[in-house]
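One structure below.
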Amino acid sequence: MSQANIMDNEVDIVIGALHSDLTTFMNEWRPVFSRFHLIIVKDPDLSGEIQIAEGFNVDVYTRSDIDRVVGSSTSVLFSGYSCRYFGYLMSRKKYVISIDDDCIPAKDNEGSLVDIVAQHITNLTTPATPFFFNTLYDPYRKGADFVRGYPFSLREGVTCALSCGLWLNLADYDAPTQALKPELRNSRYVDAVLTVPVRAMLPLSGINIAFDRELVGPALIPALKLAGEGKFRWETMEDIWSGMCVKVISDHMGLGVKSGLPYVWRNERGNAIESLKKEWEGVKLMEEVVPFFQAVRLPRSAVTAEDCVVELAKIVKEQLGQSYPMFVRAAEAMVEWIKVWKAVRSG
């Protein structure tokens with residue numbers, strides 16, 4: 001790979017398997033993924049053997065591996081879409097790229113296959129600019145620069161810790177939006193990357209992300225479980241919660257988060273109206289959660305991502321746990337996650 005001289009062996013591709021047959025998925029991604037090490041984590045609730053395509057450097061983890069590494073009492077952290085966090089836990093690489101198993105490579109405006117690895121690594125290895133917004137998007141891209149009036153003292157930027165990619169076809173809408181507009185699809189390929197400003201929250205979608213595991217790996221947390229959580233993206237909130245945790249922690253540590261390129265193509269999955277019939281409290285919860293994360297400040301004594309998660313868990317328990325028991329459970333899961341993270345790192 002050419003980006004900042006990053007070697008192929010510095011990257012892990014993590015795939016949470018919610019389907020047992022991954023052969024078509026892997027063959028679609030072969031032109032992009034074949035050079036890299038893959039970590040596939042089977043959803044502990046999924047029955048049947050995982051079927052994978054030949055010709056990949058891949059490690060597959062199942063329920064027995066999860067129980068062996070973290071203990072059966074903690075393995076509940078890794079059910080459903082949260083299984084991919086076990087992949088983050090087992091990775092030993094600097095950069096982790098995470099992709100859902102219902103996505104295939106997208107094509108750009110010229111009809112070329114999008115190399116999500118190359119673009120995510122470019123995002124992570126070029127600076128972010130969270131402290132002052134550049135109206136020409138990413139100033140480090142070829143053909144762009146900082147606009148008039150941008151302070152020269154801020155032009156060095158900061159390290160980018162998290163890259164949030166987007167989706168063509170089935171965009172990551174919530175169930176009410178998709179149910180109201182069942183034909184709505186995203187066909188706009190916007191050739192842009194931008195830094196999310198400091199103190200601005202964002203709804204992180206775990207469908208297509210990459211991060212610097214050494215800087216913020218512990219801050220991507222499988223903590224918030226909904227009572228009616230299901231096996232479709234719009235029935236979950238774990239990635240949204242995780243994203244707000246990692247954004248607060250990145251802001252505190254002076255790191256950047258980017259959103260935009262690269263795109264993936266999401267295949268059709270699920271029925272939004274059926275999902276709405278479930279006990280689905282995620283939309284309502286956001287009205288409480290977003291103001292909390294916008295206002296929360298971490299103590300200066302928290303200097304690592306692990307420290308920050310533990311401190312954030314205390315504040316979650318004190319301030320959000322009063323109203324909703326699920327936030328008490330989320331805070332406990334955050335602390336448990338850090339214990340597991342440290343144990344795996346030291347072991």
Side-chain angles (χ1 to χ4, degrees), residues 1-7 10-11 93-98 108-110 114-166 188-205 208-220 242-263 290 293-305 307-308:
M1 293 176 65
S2 59
Q3 291 75 18
N5 299 316
I6 300 301
M7 304 296 288
E10 293 179 76
V11 177
K93 307 294 175 65
K94 179 170 174 61
Y95 298 106
V96 172
I97 293 165
S98 187
D108 63 18
N109 291 329
E110 277 73 53
V114 173
D115 184 340
I116 69 163
V117 178
Q119 183 63 53
H120 273 309
I121 295 299
T122 295
N123 293 350
L124 291 170
T125 54
T126 53
T129 53
F131 302 116
F132 199 72
F133 189 81
N134 193 55
T135 49
L136 205 54
Y137 308 120
D138 184 353
Y140 303 100
R141 282 192 80 184
K142 187 178 179 181
D145 210 323
F146 292 95
V147 296
R148 182 172 57 88
Y150 202 103
F152 277 85
S153 59
L154 294 177
R155 293 191 183 195
E156 283 188 10
V158 301
T159 301
C160 181
L162 175 66
S163 168
C164 306
L166 296 173
R188 292 179 63 227
Y189 182 96
V190 180
D191 188 12
V193 178
L194 48 85
T195 296
V196 183
V198 67
R199 305 290 177 215
M201 293 297 105
L202 77 159
L204 173 86
S205 167
N208 167 25
I209 64 168
F211 57 92
D212 185 322
R213 189 188 57 79
E214 294 171 359
L215 289 177
V216 295
L220 286 125
S242 178
M244 286 190 284
C245 291
V246 76
K247 183 58 168 66
V248 163
I249 290 167
S250 295
D251 288 348
H252 174 77
M253 295 175 66
L255 301 168
V257 173
K258 293 180 185 176
S259 176
L261 301 177
Y263 281 81
V290 172
F293 279 104
Q294 286 172 328
V296 74
R297 298 293 181 269
L298 299 172
R300 287 187 177 181
S301 58
V303 293
T304 65
D307 296 340
C308 290

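Not measured: the values here are computed from a predicted model.
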### Task
Return the set of residues passing side chain to side chain donor-acceptor pair (under 3.5 Å) with N123 (not counting sequence neighbours), or none when no residue passes.
Q119, S163
### Query
Considering residues at least two apart in sequence or located in another chain, which fulfil the side chain to side chain donor-acceptor pair (under 3.5 Å) criterion with R297?
none
Could you tell me whether the side chain of [Y] reaches within less than 4.5 Å of the side chain of [X], counting heavy atoms only?
| X | Y | value |
| --- | --- | --- |
| V257 | P130 | no |
| L154 | T129 | no |
| P127 | E156 | no |
| V216 | S250 | yes |
| V158 | L255 | no |
| T195 | Y137 | no |
| D307 | L298 | no |
| V96 | R213 | yes |

Looking at every heavy atom in both [X] and [Y], which two are closest together, and how far apart are they?
| X | Y | result |
| --- | --- | --- |
| N134 | V147 | OD1-N, 3.1 Å |
| P197 | K247 | O-NZ, 2.9 Å |
| L202 | C164 | CD1-SG, 4.1 Å |
| L220 | S242 | CA-OG, 3.3 Å |
| G149 | F132 | O-CE2, 3.9 Å |
| I97 | H120 | CG2-CD2, 4.1 Å |

### Query
So does F293 have more than 12 non-hydrogen atoms from other groups sitting under 6.0 Å from CZ?
yes
With rounding to the nearest 0.5 Å, note down the distance linking [atom1] in [X] to [atom2] in [Y].
| X | Y | atom1 | atom2 | answer |
| --- | --- | --- | --- | --- |
| C160 | Y140 | SG | OH | 11.0 Å |
| D145 | L136 | CG | CG | 8.5 Å |
| T304 | M253 | OG1 | CE | 6.5 Å |
| D108 | D115 | CG | CG | 11.0 Å |
| R155 | Y150 | CZ | OH | 8.5 Å |
| T135 | L194 | OG1 | CG | 11.5 Å |

### Message
Please check this pair: side chain of R199 against backbone of Q294, looking for a donor-acceptor N/O pair closer than 3.5 Å.
### Response
no
[X]: partners by salt bridge (Lys or Arg N to Asp or Glu O under 4.0 Å), with sequence neighbours left out:
| X | answer |
| --- | --- |
| D138 | none |
| K258 | none |
| K94 | D212, E214 |

### Member of I116, N208, L166 meeting the side chain to side chain contact (heavy atoms under 4.5 Å, CB included) criterion with Y263
L166
### Query
With R141, which of D191, T122, T126 fulfils side-chain hydrogen bond (donor to acceptor under 3.5 Å, both in side chains)?
D191
### Query
Which pairs, with at least one residue in residues 116-125 and sequence neighbours excluded, count as a salt bridge (charged side-chain N to carboxylate O under 4.0 Å, His left out)?
none
